[in-house]
Amino acid sequence: MSSNQKLYEGKAKILYTTADPEILLTYFKDDATAFNAQKRGTIVGKGKINCTISSQLFKLLEAYDIPTHFIDCPAQDQMLVKRVKILPIEVIVRNIAAGSLCRQTGLAEGTIFKFPLVEYCYKNDSLQDPLLTRDRLLIMELATPEQLEHIRNLALKINDILKSFFDQCQITLVDFKIEFGLDANDNLILADEISPDSCRLWDQSQTEPNLRVMDKDRFRRDIGNVEAAYQQVLKRILTQVG
Ligand code: UDP
């Protein structure tokens, strides 16, 4: 396969082929979308920040034996990754109530859970990424029962690792979305990104609900200072990894 061909362009990233058919290059864009792409904008420097944050978090998870698609970060906004077939499931892990969970259940924002909540959404823009039950997911054959159990176990382990790492950065990991893929040997590996675009992160030094937000809710809710908040997340992560 020839290299540098655009394979796919998503809302926040572009995928290119490389000389090695099993390796792809992801370019992280500054484009931001919310509410199923009804709201669009640009967060200056976001591509570089999210790529660097994701790379650091993937390296951290690999150190704890979580398989990820991460290979290398050859430039601040570029990531070399293993080619995988992405499962059309958004896996959401929540430690504290926020966002759609509050809208759908009436739980008050900020309610701290006794155990993490793992949820699955169907990755399908035209259906607006609906929440799935376990049985819907299996009936739709989006994953096998064994894969689903593996996904849940990995998601909970990832949550433990990230929660305690962010705590060390004085950041509360409220919730996050991850995606998994199957590699050439059908091994399940963590893919996509982990960044302030896909996590809710609250600054532990702030108590006021808007001031503590360090993630895409600043863009979704027009709170402002989006770039500065993303930069602050990056700075604290880089300080922590040393
Ligand atoms: N999330 C994401 N992509 C999506 C939907 C959600 O990265 O398409 C992340 C979101 O940033 C948050 C978590 O998943 O960290 C839970 O999001 P929620 O279901 O509360 O949706 P929202 O309120 O953002 O619509």
Side-chain angles (χ1 to χ4, degrees), residues 8-13 26 28-41 43 46-47 49-51 53-54 57-58 61 68-69 86-113 116-133 136-137 142 151-152 154-156 158-159 161-163 165-166 169 171-181 190-203 209-210 212-223 226 229-230 233 237:
Y8 172 79
E9 177 156 4
K11 291 170 211 148
K13 297 188 287 291
T26 311
F28 284 65
K29 301 192 280 185
D30 286 352
D31 298 353
T33 61
F35 312 119
N36 204 22
Q38 283 170 41
K39 179 178 173 123
R40 290 172 183 274
I43 302 173
K46 178 172 85 79
I49 298 171
N50 280 2
C51 181
I53 290 176
S54 271
L57 296 178
F58 283 141
L61 292 168
T68 79
H69 70 159
I86 295 279
L87 298 178
I89 304 170
E90 298 193 334
V91 181
I92 295 173
V93 184
R94 303 176 186 272
N95 298 301
I96 297 179
S100 69
L101 181 74
C102 297
R103 292 194 296 276
Q104 292 169 7
T105 64
L107 277 167
E109 185 181 79
T111 306
I112 300 168
F113 302 146
L117 175 61
V118 183
E119 298 184 314
Y120 311 100
C121 292
Y122 183 28
K123 206 168 129 70
N124 183 316
D125 281 342
S126 55
L127 295 175
Q128 296 175 28
D129 300 344
L131 183 65
L132 294 172
T133 62
R136 281 189 188 184
L137 193 155
L142 301 181
I151 286 172
R152 185 183 157 82
L154 283 173
L156 288 170
I158 291 165
N159 183 48
I161 299 163
L162 293 183
K163 198 166 164 275
F165 176 76
F166 276 117
C169 302
I171 294 172
T172 300
L173 179 61
V174 175
D175 59 32
F176 60 95
K177 184 268 300 179
I178 44 180
E179 294 180 24
F180 291 90
L190 181 63
D192 195 47
E193 66 175 290
I194 307 178
S195 73
D197 271 8
S198 59
C199 303
R200 282 201 171 87
L201 303 167
W202 289 353
D203 186 349
N210 275 352
R212 69 186 174 188
V213 174
M214 303 180 88
D215 55 68
K216 201 158 95 173
D217 274 349
R218 282 201 168 260
F219 171 75
R220 290 189 189 100
R221 288 158 40 185
D222 292 318
I223 300 172
V226 192
Y230 276 49
V233 174
I237 289 173

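When a residue number appears, it is its place in the shown sequence, counting from 1. Order of appearance sets the numbers: ligands from 1, and atoms from 1 within every ligand.
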So if I count the atoms of ligand 1 from 1 in the order they appear, which ones are less than 4.0 Å from some heavy atom of [X]?
{"X": "Glu90", "value": "4 (C), 5 (C), 8 (O)"}
{"X": "Asp197", "value": "7 (O), 11 (O)"}
{"X": "Asp129", "value": "8 (O)"}
{"X": "Gly99", "value": "20 (O), 23 (O)"}
{"X": "Arg94", "value": "16 (C), 18 (P), 19 (O), 20 (O)"}

Side chain, backbone, both or neither: the part of [X] lying under 4.0 Å from ligand 1 by heavy atom:
{"X": "Arg103", "value": "side chain"}
{"X": "Lys216", "value": "neither"}
{"X": "Cys121", "value": "neither"}
{"X": "Val174", "value": "neither"}

Acceptor/donor pairs from residues 98-106 side chains to any protein atom, 3.5 angstrom cut, sequence neighbours excluded:
unit_1	atom_1	unit_2	atom_2	d
Ser100	OG	Arg94	NH2	3.1
Thr105	OG1	Leu101	O	2.6
Thr105	OG1	Leu107	N	3.1

Q. Out of Glu193, Arg200, Gln104, whose heavy atom is nearest to atom 17 (O) of ligand 1?
A. Arg200

Q. Which option out of Lys177, Gln128, Lys11 puts a heavy atom nearest to atom 9 (C) of ligand 1?
A. Lys177

So do [Y] and [X] actually touch side chain to side chain, heavy atoms under 4.5 Å?
{"X": "Lys13", "Y": "Asp192", "result": "yes"}
{"X": "Leu154", "Y": "Leu190", "result": "no"}
{"X": "Asp125", "Y": "Lys11", "result": "yes"}

Q: Could you establish whether Lys123 and ligand 1 come within less than 4.0 Å of each other, counting only heavy atoms on the residue side?
A: no

Q. Does ligand 1 have any atom sitting under 4.0 Å from a heavy atom of Arg220?
A. yes

Q) How far does CG of Asn124 sit from CG of Asn36, to the nearest 0.5 angstrom? A) 9.0 Å

Q. If you look at every heavy atom in Arg212 and Glu109, which pair is closest and at what distance?
A. NH2-OE1, 3.8 Å

Q.
Show the nearest heavy-atom pair for residues Leu173 and Asn159, with the distance to one decimal.
A. CD2-OD1, 3.8 Å

Q.
So if I apply the side chain to side chain contact (heavy atoms under 4.5 Å, CB included) rule between Cys121 and each of Leu137, Ile92, Val91, Leu127, which one comes out positive?
A. Ile92

**Q.** Identity and separation of the nearest protein heavy atom to atom 15 (O) of ligand 1
**A.** Asp175 OD1, 2.6 Å

Q: Provide, to 0.1 Å, the distance between atom 18 (P) of ligand 1 and the closest protein heavy atom, together with that atom's residue and name.
A: Ser100 OG, 3.3 Å

Q: Kindly confirm or rule out a cation-pi arrangement of Lys39 over Phe219, judged by NZ or CZ under 6.0 Å from the six-membered ring centre and within 45° of its axis?
A: yes

Q. What residues, two or more places apart in sequence or in another chain, satisfy ring-ring contact (aromatic ring centres under 6.0 Å, His included) together with Phe165?
A. none

